[in-house]
Protein chains: 4
Amino acid sequence: MDKIKVAIAGLGRIGKIHLKNLCRNFSEIEVIATMDVAESSKAIVEEFNVPLFTQNFDDLLAISKLDAVVICSPTDTHADYVVKAARAGKHIFCEKPLDLSLERVQEVLNIVEACGVKLMLGFNRRFDPEFKKIRQLIVNDAVGDPQIIKITSRDPGPPPIEYVKVSGGMFLDMAIHDFDMARYISGKQVKEVFAKGTVMVDPEIGKAGDIDTAIITLTFDDGSMAVIDNCRQAVYGYDQRLEVFGSKGMVQAENNFPNNHKLYTEKGVSGDLPLHFFLERYDASYNQEVREFVDALVNNEDIPVSGDDGLLSMAIALAAKKSVEENRPVKINEIL
Amino acid sequence: MDKIKVAIAGLGRIGKIHLKNLCRNFSEIEVIATMDVAESSKAIVEEFNVPLFTQNFDDLLAISKLDAVVICSPTDTHADYVVKAARAGKHIFCEKPLDLSLERVQEVLNIVEACGVKLMLGFNRRFDPEFKKIRQLIVNDAVGDPQIIKITSRDPGPPPIEYVKVSGGMFLDMAIHDFDMARYISGKQVKEVFAKGTVMVDPEIGKAGDIDTAIITLTFDDGSMAVIDNCRQAVYGYDQRLEVFGSKGMVQAENNFPNNHKLYTEKGVSGDLPLHFFLERYDASYNQEVREFVDALVNNEDIPVSGDDGLLSMAIALAAKKSVEENRPVKINEIL
Amino acid sequence: MDKIKVAIAGLGRIGKIHLKNLCRNFSEIEVIATMDVAESSKAIVEEFNVPLFTQNFDDLLAISKLDAVVICSPTDTHADYVVKAARAGKHIFCEKPLDLSLERVQEVLNIVEACGVKLMLGFNRRFDPEFKKIRQLIVNDAVGDPQIIKITSRDPGPPPIEYVKVSGGMFLDMAIHDFDMARYISGKQVKEVFAKGTVMVDPEIGKAGDIDTAIITLTFDDGSMAVIDNCRQAVYGYDQRLEVFGSKGMVQAENNFPNNHKLYTEKGVSGDLPLHFFLERYDASYNQEVREFVDALVNNEDIPVSGDDGLLSMAIALAAKKSVEENRPVKINEIL
Amino acid sequence: MDKIKVAIAGLGRIGKIHLKNLCRNFSEIEVIATMDVAESSKAIVEEFNVPLFTQNFDDLLAISKLDAVVICSPTDTHADYVVKAARAGKHIFCEKPLDLSLERVQEVLNIVEACGVKLMLGFNRRFDPEFKKIRQLIVNDAVGDPQIIKITSRDPGPPPIEYVKVSGGMFLDMAIHDFDMARYISGKQVKEVFAKGTVMVDPEIGKAGDIDTAIITLTFDDGSMAVIDNCRQAVYGYDQRLEVFGSKGMVQAENNFPNNHKLYTEKGVSGDLPLHFFLERYDASYNQEVREFVDALVNNEDIPVSGDDGLLSMAIALAAKKSVEENRPVKINEIL
């Protein structure tokens, strides 16, 4: 079989991860081109022997044998790149979100659909072994019908204030992963959102019009619920936990740690902090999501995370934002 | 020093626990009388050599040397007994709640205050060693300012439907302990409540006008938050956990187990379920709460759980109920 | 039914525990006398309303209605008191060891048997809920045939050097509990012992002719093995763990902790140290062993820990001592 | 800098792991040749674009630009290949053991030394992140002077009986890793070994003259000790734990699990079994050991596991074997 020809656009933190995984761990893939607006990024690809580096996204699409593009460029380029790639008939893997405007996202998804290419969004946490295991236990009915889903998601520290200002806010930037997780784990649709948010980490975040601490209650269409707690700063590091309570039992995924040692001294029993941040914690998931994207291309199967998944999580985020602003529960159909 | 003379009214499950603890573990206490409407309860006290058993509460108050009464009778007698005891000049330990009517509670508290007797409410969980440890860590500033408090409180099974009907509802009957815990642990006042409730365990509970599953977000006066998840039925038993996330760290109290064994077999790693229900789980707390009540009497100090504590948790419960009914956040000052 | 009349001899640490348990938790027992050579011990019993206090052991046996004696006096009095009690026809609960001389123990057991009274030795750890659970799992064949038993037993600190000198050595004084545990858990007989001992905690212990750190390998009659590691000083407190590895699985009992909190801060994850020493760790076992002693008397059943159990564990201890001295494996039938 | 040119001899399970790691994760390495006696192994290297495949070890040494060989061929070829490589002036990474004869090992090491090449032995577990962390804590004096080291090492199932017959026995084949670990973790020399072994898993192993279950006590030169328990079959999977007890504390490394989920149902609390066997459990260590070998070549530094390390662990294994046979403690200087 011919190898699938892939190009990667954007060589920031996530782009580099995808580049490495695609070049090293996929014998059915050939990375034939990379693109980044910064010329300095050219150095990154050197060790991987990728034939082409360009600073212009259009150059990628001009490669006739190219099968798919992996888009890891800044958020404000996603929609344009996706539209161009779709129109060029290339399959697309794109980091979330597609865009900060729901209308633009809807428009892009319509174009993608019309072009008949596959589009997968990078909700990488679905591919984390811990959460996949939980999902599998639910599918196997080990916990019965999910009644309460609890997601803890706290970052080790806030992003730079300049980033906060253009991020779309904590719900669209950070909690959107948790909204996708609630949908993925439950297999249900969210119908209503109540969010309570506040500024406890840094007043500058408040001045930028955002919040840094929140509790969000999601109500699914069958009346069952999920609750998410977020904070931009947990001094002990990245806190990523999941619990599903159902009619037949309960299952928990704890944090992951760099090692499992326990030290007993006169002062107490201690151990190391959880894996520091998303690059360490979700390392395996970045490889696995691309693995499933590639498998879907190779076998011409459905993409595991569709554009609609992105759209719906975005709608939850917008509902959460509105809920905080208006201090009331907001129905998803007020947004979509 | 003379021993403090105590009488116990009500010899149900909790009454028997207090009887045993007071008779066996307190050298400074003398239980001189017990009361229960059922004559059959007389048998219970025999092994403890308590001189008097009566079926009439007034008989207790007629004992001039009596210092204090411990009221464990049914909820609908609490207010009357407390008022009578206060007017008779006896100190009072009363199981929660004082009454299901906020007005009546306020009225009773006014009388108690006017009579100058001490009144302690049986929010026993405050005296649980696990939660006391957490509170102590917060007081010692080990976690900094509490930003998010998470309480999981799930019963092993629902009470009989007849009990549900007169219970005042899940918030007043069950979650009220969690509301008190949120107040105790944070040391803050709740200003707003949003609760989302549903019926997932038993449709009969819904027909009785109650819910069996809920997620409640409490907002404290400084904007920090607590979130409580309740369910009337966890098939794996009593689930009582607490987590406090603050500016300097996070502390968790896990469930308590009857033993700590871990069994490894071909099928997996397994262990026993948590302690089954409140009598097992909070065994130590029942002794400790009476210990602190007695200490307050002996040393003429402030009671650790005041009538106002009961009133405020009740207000939160009523706000939660209203929040579910009207699907909106409810301010405490709408209730009080 | 008439209550069983019990006397307690020796009111040191363990004597006080038995006094309290017998007076408070056993409705079928009446403690009618206590004895201690120190007159000052009289104060201890006052709060329990025990009618008689004496400084002379013979006074106890002179009480005709007395059914049983609980002997908690110093080790060097055990043999004499047991012989006297047996000859007086009283059932006996005696703290271990019966004596430091194997011949004397054998002699005493012969007398006890001839007198037809019941004798139980205070190997309290058999009655610990954790270890009982493990034993029950083995009896239920949850781990198959035990192949390797691992016991960790470390004290928080060494006893005073004066005590070390008269203790009979670490194996007879401390490890004997672990030898009994190995026999109890496995249900097998030990046929050979290899022990390696050294002085790592305090050179004074070495000067007193004892060791403070040891690893002991026991071989059972079927070739399966147990390994015990002992140290007189674990700076983090009392370390009491058990593991059984068998043909169908493995089961572990971890240490017990005063609470289960976990604290996450910038520095790491931490929790409290294990329960400090035997009084805290084995609190429940002291009550339960007396419970089973009393039950055996009431129902005229076999005593759960016989004099032979004491004899055999003592033989293992003596074999271990000889093994260290001669640096070779020692067969039990070299001792017994 | 020029890349280091490496050849790999032997493409079995471990050979394939090294091939993959060297080709994919080391930019400073170029794998220029592979060798395996089976022609069918040629297929394995195809995806890695290694220029040369040969069935003859000598062909590798004929490559003048070759810097180092990685020897993963069967044990009985190790000594010959190492000698040839050393004489050809190539640096050597060789899987353990060098040979089953101590004399031959000593001879080989002398030749290696005379030839002035670097030789590293594949005691991969030293490079496991869990154990490295423990070692680092000891080096940092977090546990004080090690007094008791406990190693649990149990395989999920025995190897084929044909393998058992040529393996050199459980101590040389399996426990040798644990002997190296005891040396590595303690930083001390073993002076005496007592081992007790038996057959509990499969009588065929006994017929082949080997044992399948053992407890080994190692005495270090300062009198401190290590105890290792081994079994060829743990039905629950690979059991690899380490504990170090010292004058300042105790540190433990637990097993590693494929995920950390906990499932609560009516039946109890359960989770997955540990990682199944060495390929999964020690995955990271195989990469890291080669990483440190390469670093030592690049920087011309000392090799982290020397030939003497292999020799000394082998001597412990032979002492253990003799100890079982003669049922007595055996001094290392009886062997070396």
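Atom set for the values below is all heavy atoms of this structure, side chains included, hydrogens, waters and symmetry mates excluded.
- Top candidate by heavy-atom pairs under 4.5 Å with chain B, chosen from C/Lys262, C/Glu266, C/Lys267, is C/Lys262.
- If you measure heavy-atom distances from B/Lys133 to chain C, the contacts under 4.5 Å come from the side chain alone.
- Within the 4.5 angstrom heavy-atom criterion, only side-chain atoms of C/Leu137, from C-beta onward, approach chain B.
- Only the side chain of B/Glu47 comes within contact range of chain C, judged by heavy atoms closer than 4.5 Å.
- Using bins of under 30°, 30° to 60° and over 60° for the plane-to-plane angle, the ring pair C/Tyr282/C/Phe131 lands in the tilted bin.
- Annotation: maximal heavy-atom pairing with chain B below 4.5 Å, among C/Lys20, C/Glu254, C/Glu130, occurs at C/Glu130.
- Donor-acceptor pairing under 3.5 Å is lacking for the side chains of B/Thr152 and B/Asp239.
- Contact count against chain B (heavy-atom pairs under 4.5 Å) is highest for C/Val251 among C/Asp272, C/Val251, C/Ile134, C/Val269.
- Using modelled atom types, one side-chain atom of C/Glu280 and one backbone atom of C/Phe277 make a donor-acceptor pair closer than 3.5 Å.
- Contact count versus chain B (heavy atoms, under 4.5 Å) is highest, among C/Asn256, C/Leu263, C/Asn260, for C/Asn260.
- At a cut-off of 3.5 Å, with distance as the only test, no side-chain donor of C/Asp128 or C/Ser285 sits close to an acceptor on the other residue.
- For C/Ser224 and C/Lys188, the side-chain atoms include at least one donor-acceptor pair closer than 3.5 Å.
- Side-chain atoms of C/Asp145 and C/Ser247 form no donor-acceptor pair, as typed in the model, at a separation below 3.5 Å.
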